[in-house]
Amino acid sequence: MQNILVVEDDHDLNQAICYSLKKSGYGTYGAESAESGRTEFLRNRIDLVLLDVNLPDGEGFSFCRWIKSRKETPVIYLTARDMEEDVLTGYESGAEDYITKPFNPLELVARVKSQLRRYTQLGNMNQQ
């Protein structure tokens with residue numbers, strides 16, 4: 001089973017995303033801050049991270065760079081920040097995708113599947 005870390009400070013949204021992913025056969029870990037996200041990332045085998053930009057204890061952009069400095073794990077931003085500058089910063093920080101809120105849960109799951117399929121096919125998963 002592939003595991004997804006959801007780093008989203010809105011508790012209800014975090015749980016709803018985890019629920020949608022579990023229904024699609026993924027294992028999930030929820031975190032509501034950068035600090036708890038780091039803990040979950042280090043403690044568990046994480047295959048993909050869904051990451052909000054605005055977190056109570058930091059910004060998602062620096063958290064993404066932290067992830068990429070440790071392991072080539074795919075990151076998808078899931079955020080309300082839709083300014084062109086934010087999107088570009090998201091990609092420059094190392095993310096594979098950038099989804100703005102509100103979003104369609106079915107599209108989110110499709111993008112997660114796409115990224116995981118791409119990483120699996122390229123042989124990047126679990127090499128680190």
Side-chain angles (χ1 to χ4, degrees):
M1 176 184 306
Q2 293 173 309
N3 295 314
I4 300 168
L5 173 60
V6 179
V7 185
E8 164 61 57
D9 63 327
D10 180 318
H11 178 75
D12 293 337
L13 181 57
N14 192 313
Q15 288 197 328
I17 293 168
C18 288
Y19 177 77
S20 292
L21 293 167
K22 286 178 184 177
K23 278 182 47 180
S24 296
Y26 296 106
T28 62
Y29 296 94
E32 296 180 10
S33 67
E35 181 180 343
S36 62
R38 284 185 192 93
T39 300
E40 292 297 332
F41 186 83
L42 293 172
R43 186 179 291 160
N44 302 291
R45 183 183 59 81
I46 302 298
D47 299 303
L48 183 139
V49 178
L50 290 174
L51 178 60
D52 193 0
V53 173
N54 298 318
L55 297 169
D57 60 346
E59 196 173 59
F61 300 134
S62 59
F63 185 58
C64 181
R65 287 188 286 275
W66 179 86
I67 290 169
K68 296 296 186 169
S69 72
R70 280 150 182 77
K71 184 179 173 193
E72 190 54 40
T73 301
V75 174
I76 299 174
Y77 284 108
L78 189 58
T79 181
R81 290 177 56 171
D82 61 355
M83 300 294 293
E84 184 176 330
E85 179 180 316
D86 294 323
V87 176
L88 294 174
T89 300
Y91 284 116
E92 289 169 0
S93 70
E96 281 66 31
D97 205 351
Y98 196 101
I99 302 170
T100 56
K101 299 172 186 172
F103 60 92
N104 179 322
L106 296 174
E107 180 182 349
L108 174 64
V109 171
R111 288 186 187 213
V112 165
K113 286 180 183 179
S114 175
Q115 287 299 328
L116 289 171
R117 182 174 54 248
R118 185 171 297 122
Y119 267 71
T120 300
Q121 289 173 349
L122 293 175
N124 287 334
M125 300 281 295
N126 301 318
Q127 284 186 349
Q128 305 282 323

Task: Working for side chain to side chain contact (heavy atoms under 4.5 Å, CB included), residues Ile67 and Val49 - done: CA-CA 9 Å; Ile67 290 169; Val49 178; 3.9 Å; yes
- [ ] Output, in order, the C-alpha distance, side-chain angles, deciding distance and verdict of side chain to side chain contact (heavy atoms under 4.5 Å, CB included) for Arg43 and Tyr29.
- [x] CA-CA 10 Å; Arg43 186 179 291 160; Tyr29 296 94; over 6 Å; no
- [ ] Test side chain to side chain contact (heavy atoms under 4.5 Å, CB included) on Tyr26 and Leu116 and set out the steps.
- [x] CA-CA 11 Å; Tyr26 296 106; Leu116 289 171; 3.4 Å; yes
Open item on the list: Is there a salt bridge (Lys or Arg N to Asp or Glu O under 4.0 Å) between Glu96 and Lys68? Walk through the geometry before answering.
Closed with: CA-CA 11 Å; Glu96 281 66 31; Lys68 296 296 186 169; 2.8 Å; yes
Open item on the list: Apply side chain to side chain contact (heavy atoms under 4.5 Å, CB included) to residues Leu5 and Thr73 and explain how you reach the verdict.
Closed with: CA-CA 11 Å; Leu5 173 60; Thr73 301; over 6 Å; no
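The two residues Tyr98 and Thr100 make their nearest non-hydrogen contact at CE2-CG2, 3.9 Å. Ala34 and Asp57 get closest at one heavy-atom pair: N-OD1, 2.7 Å. Across Thr120 and Gln2, no two heavy atoms sit closer than the pair OG1-NE2, 3.6 Å.
Within the structure, salt bridge (charged side-chain N to carboxylate O under 4.0 Å, His left out) pairs that include any residue of residues 3-28 comprise Glu8-Lys101 (at least two apart or interchain).
The closest side-chain heavy-atom distance from Lys113 to Val109 is below 4.5 Å. Here the side chains of Asp86 and Thr79 are not in contact, with every heavy-atom distance at 4.5 Å or above.
Across Val112, Thr28, Ile99, a single residue satisfies side-chain contact (heavy atoms from CB on, under 4.5 Å) together with Leu50, and that is Val112.
Hydrophobic clustering (ILVMFWY, side-chain heavy atoms < 4.5 Å, transitive): Leu88 and Leu78 are in distinct clusters. Follow the hydrophobic side-chain contacts under 4.5 Å out from Val7 and you reach Leu42 in the same cluster.
Scanning for salt bridge (charged side-chain N to carboxylate O under 4.0 Å, His left out) contacts around Glu35 gives an empty result, with sequence neighbours left out.
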Less than 3.5 Å apart, which donor and acceptor atoms pair up between the side chains of residues 58-66 and the rest of the protein, not counting sequence neighbours?
| residue | atom | partner | partner atom | Å |
| --- | --- | --- | --- | --- |
| Glu59 | OE2 | Arg81 | NH1 | 3.2 |
| Ser62 | OG | Glu59 | O | 3.0 |

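For the atom pair CD1 of Ile4 and OG of Ser24, the computed distance is 8.5 Å after rounding to the nearest 0.5 Å.
Dense packing is recorded around OH of Tyr91, with more than 12 heavy atoms of other residues, nucleotides or ligands lying under 6.0 Å away.
No side-chain donor-acceptor contact under 3.5 Å links Asp97 to the backbone of Ile76. Within the 3.5 Å criterion, the main-chain N or O of Glu85 finds a donor-acceptor partner in the side chain of Thr89.
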